[in-house]
Number of protein chains: 2
Amino acid sequence: MTSVVPGATRNTRQRAQVLGLLEATDGFRSAQQLHASLRDGGAQVGLTTVYRTLQLLADAGEVDQMRLPDGEQLYRRCGGSRHHHHLVCRECGRAIEVEGPAVERWAQAQAVAHGFVDVDHTIEIVGTCADCAAR
Amino acid sequence: MTSVVPGATRNTRQRAQVLGLLEATDGFRSAQQLHASLRDGGAQVGLTTVYRTLQLLADAGEVDQMRLPDGEQLYRRCGGSRHHHHLVCRECGRAIEVEGPAVERWAQAQAVAHGFVDVDHTIEIVGTCADCAAR
DNA sequence: AGCGCTACTGATAACGATTGTCAACTCCGA
DNA sequence: TCGGAGTTGACAATCGTTATCAGTAGCGCT
Ligand SMILES: [Mn+2]
Ligand SMILES: [Mn+2]
Ligand SMILES: [Zn+2]
Ligand SMILES: [Zn+2]
């Protein structure tokens, strides 16, 4: 069942192209940016399909999602299956995956201490990368 | 200059009403929810003004902002001026302010280690509170 | 290889939260 | 009290995302 998109039942050209572009891209990109890149590259993919495929990939844990201050959704091919967070450049979108076992435990402990269950968390570090700062 | 909204030059009835409602509310609420509450309470305030006032308060650090998974913005009267984060109930919006000096240092250290400058971060813990879990 | 079922696609319309517009209004200092 | 600049609010516009739905094309089956 070697499917391009885990969870989906059919392998389509469009899904392969979206995932292919994500593989070749580092840093977070929006659905619209990805769609534009595909069209520019000659690929024939609808914007709706890009959104749908990204949602499938996100649900399957194959891509990470983050949100800009203005609410726009960004996507990025996700490294391993290990739980992690991101250090993102606010200028160029470059993203570095980071882990922090201590932070995970802290978040869980805070929630439990207040009687919360089914706990989740979002942690994002934003800054300007060395390259963009030098520019 | 005892203004209801720090940074603003004039004290208006509308701004006082918005801030007054926030004072009497615990948990995160959306601009539209706050507007509806004001109208229900007989207050005469436009939705646009509610948005603008919330933005002013957020810029002044008087309210905290967070975002639901669907992108909707939520606001909450912020306790002290100390930097902190929130433990939020996904059911009822109840919010508890939490601090974690170790987490702050971790985020800063991660960024610096990768050459990032002008670092910021967002940390939110989401779960179901004891009351909502019991329901 | 051919067939048929149905998942999938995509142009388009709809949606909904937020922001822009601008004439009318009202704080507030002089 | 007056004047004008900050503020308001009904309404229009924006824009990322989702819903429609008729047409298309994977893929299991024979
Ligand atoms: Mn990742
Ligand atoms: Mn707070
Ligand atoms: Zn950068
Ligand atoms: Zn609750």
Side-chain angles (χ1 to χ4, degrees), chain A residues 1-21 28-60 62-76 93, chain B residues 1-21 28-60 62-76 93:
Chain A
M1 46 90 90
T2 335
S3 63
V4 280
V5 177
T9 66
R10 292 182 187 176
N11 297 315
T12 67
R13 168 182 54 78
Q14 291 90 337
R15 284 175 180 170
Q17 288 175 320
V18 170
L19 187 55
L21 176 56
F28 282 88
R29 294 288 129 73
S30 72
Q32 315 234 19
Q33 286 177 322
L34 294 169
H35 178 244
S37 293
L38 288 171
R39 300 300 277 262
D40 289 349
Q44 182 70 25
V45 185
L47 177 59
T48 307
T49 297
V50 173
Y51 273 108
R52 276 190 296 236
T53 302
L54 288 171
Q55 196 54 60
L56 282 174
L57 290 168
D59 292 344
E62 295 295 317
V63 303
D64 289 315
Q65 290 176 284
M66 73 158 288
R67 217 174 261 286
L68 288 181
D70 72 357
E72 190 176 18
Q73 281 272 9
L74 301 184
Y75 306 84
R76 177 179 190 265
Chain B
M1 49 93 85
T2 335
S3 62
V4 280
V5 177
T9 64
R10 291 183 188 176
N11 298 314
T12 66
R13 168 182 54 78
Q14 292 89 338
R15 284 174 180 171
Q17 287 175 320
V18 170
L19 187 54
L21 176 55
F28 282 87
R29 293 288 128 74
S30 71
Q32 315 236 17
Q33 286 177 322
L34 294 170
H35 177 246
S37 294
L38 288 171
R39 300 301 275 263
D40 289 349
Q44 183 70 24
V45 185
L47 177 59
T48 307
T49 297
V50 173
Y51 273 107
R52 276 190 295 236
T53 302
L54 288 171
Q55 196 55 61
L56 281 175
L57 290 169
D59 291 345
E62 295 294 317
V63 303
D64 289 314
Q65 292 175 283
M66 72 158 289
R67 215 174 261 286
L68 288 181
D70 71 358
E72 190 177 17
Q73 280 271 9
L74 302 183
Y75 306 84
R76 176 180 191 266

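Naming convention: chains lettered A, B, ... in sequence-line order (proteins, then strands); numbering from 1 in each chain.
Nucleotides of DNA chain D nearest to B:Thr9 and B:Leu47 differ in position, and the one nearer the 5' end is that of B:Thr9. Taking for each of B:Arg67 and A:Val45 the nucleotide of DNA chain C with the nearest heavy atom, the 5'-most of the two is the partner of A:Val45. Along DNA chain C, the nucleotide closest to A:Gly46 and the one closest to B:Thr12 are compared, and the more 5′ of them pairs with A:Gly46.
For A:Glu72, the side-chain atoms get nearest to D:dT17 when compared with the rest of C:dT18, D:dT17, D:dT7. Proximity note for B:Arg39 (side chain, C-beta onward) versus D:dA10, D:dT17, C:dT18: the nearest is D:dA10. Proximity note for A:Arg10 (side chain, C-beta onward) versus D:dG9, C:dT18, C:dT6: the nearest is C:dT6. Residue A:Arg52 places its side chain closer to C:dG10 than to any other of C:dG10, D:dG9, C:dT18. Nearest to the side-chain atoms of B:Gln44 among the listed nucleotides D:dT7, D:dA10, C:dA17 stands D:dA10. Checked against C:dG10, D:dG9, D:dG16, the side chain of A:Tyr51 finds its nearest nucleotide in D:dG16.
Atom C1' of nucleotide D:dA25 and atom CD of A:Gln17 are separated by 14 Å, given to the nearest angstrom. We find that CD of B:Gln14 is positioned 9 Å from P of C:dT26, with the value rounded to whole Å. Atom-to-atom, CG of A:Leu54 to P of D:dG16 comes out at 15 Å; the value is rounded to the nearest Å. If you take CD of A:Gln33 and C1' of D:dT17, they are 15 Å apart, rounded to a whole angstrom. Straight-line distance from the CZ atom of A:Arg29 to the C1' atom of D:dG16: 18 Å, rounded to whole Å. Rounded to an integer number of Å, the gap from A:Gln32 CD to D:dT17 C1' is 8 Å. Nucleotide C:dC25 holds its P atom 22 Å from the CG atom of B:Asn11, rounded to whole Å. Regarding A:Asp70, its CG atom lies at a distance of 17 Å from the P atom of D:dT14, rounded to whole Å.
Axis deviation across the helix from C:dA1-D:dT30 to C:dA30-D:dT1 amounts to 30°, comparing end segments of five pairs, rounded to 10 degrees.
Among the protein residues, A:Thr48 comes within range of the nucleic acid bases, having at least one heavy atom under 4.0 Å from a base atom.
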Test B:Arg15 against B:Leu56 for side chain to side chain contact (heavy atoms under 4.5 Å, CB included), laying out the working first.
CA-CA 10 Å; B:Arg15 284 174 180 171; B:Leu56 281 175; 3.6 Å; yes
Evaluate A:Leu38 against A:Gln17 for side chain to side chain contact (heavy atoms under 4.5 Å, CB included), listing each step before the verdict.
CA-CA 8 Å; A:Leu38 288 171; A:Gln17 288 175 320; 4.3 Å; yes
Please step through side chain to side chain contact (heavy atoms under 4.5 Å, CB included) for the pair A:Gln65 and A:Gln55, ending with a clear verdict.
CA-CA 9 Å; A:Gln65 290 176 284; A:Gln55 196 54 60; 4.2 Å; yes
For A:Phe28 and A:Leu68: C-alpha separation, side-chain torsions, deciding distance, then whether side chain to side chain contact (heavy atoms under 4.5 Å, CB included) applies.
CA-CA 10 Å; A:Phe28 282 88; A:Leu68 288 181; over 6 Å; no
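Residue A:Arg15 has a polar side-chain atom (N or O) positioned under 4.0 Å from OP1 or OP2 of C:dT9. In this structure, A:Thr49 reaches the C:dG10 phosphate: one of its side-chain N or O atoms is under 4.0 Å from OP1 or OP2.
With values rounded to the nearest 0.5 angstrom, B:Thr49 atom OG1 is found 9.0 Å from B:Arg13 atom CZ. Here the CD-CG distance, from B:Glu62 to B:Leu19, works out to 7.5 Å after rounding to the nearest 0.5 Å. With values rounded to the nearest 0.5 angstrom, B:Leu34 atom CG is found 6.0 Å from B:Leu54 atom CG. Considering OH of B:Tyr51 and NE2 of B:His35, their distance stands at 10.0 Å, rounded to 0.5 Å.
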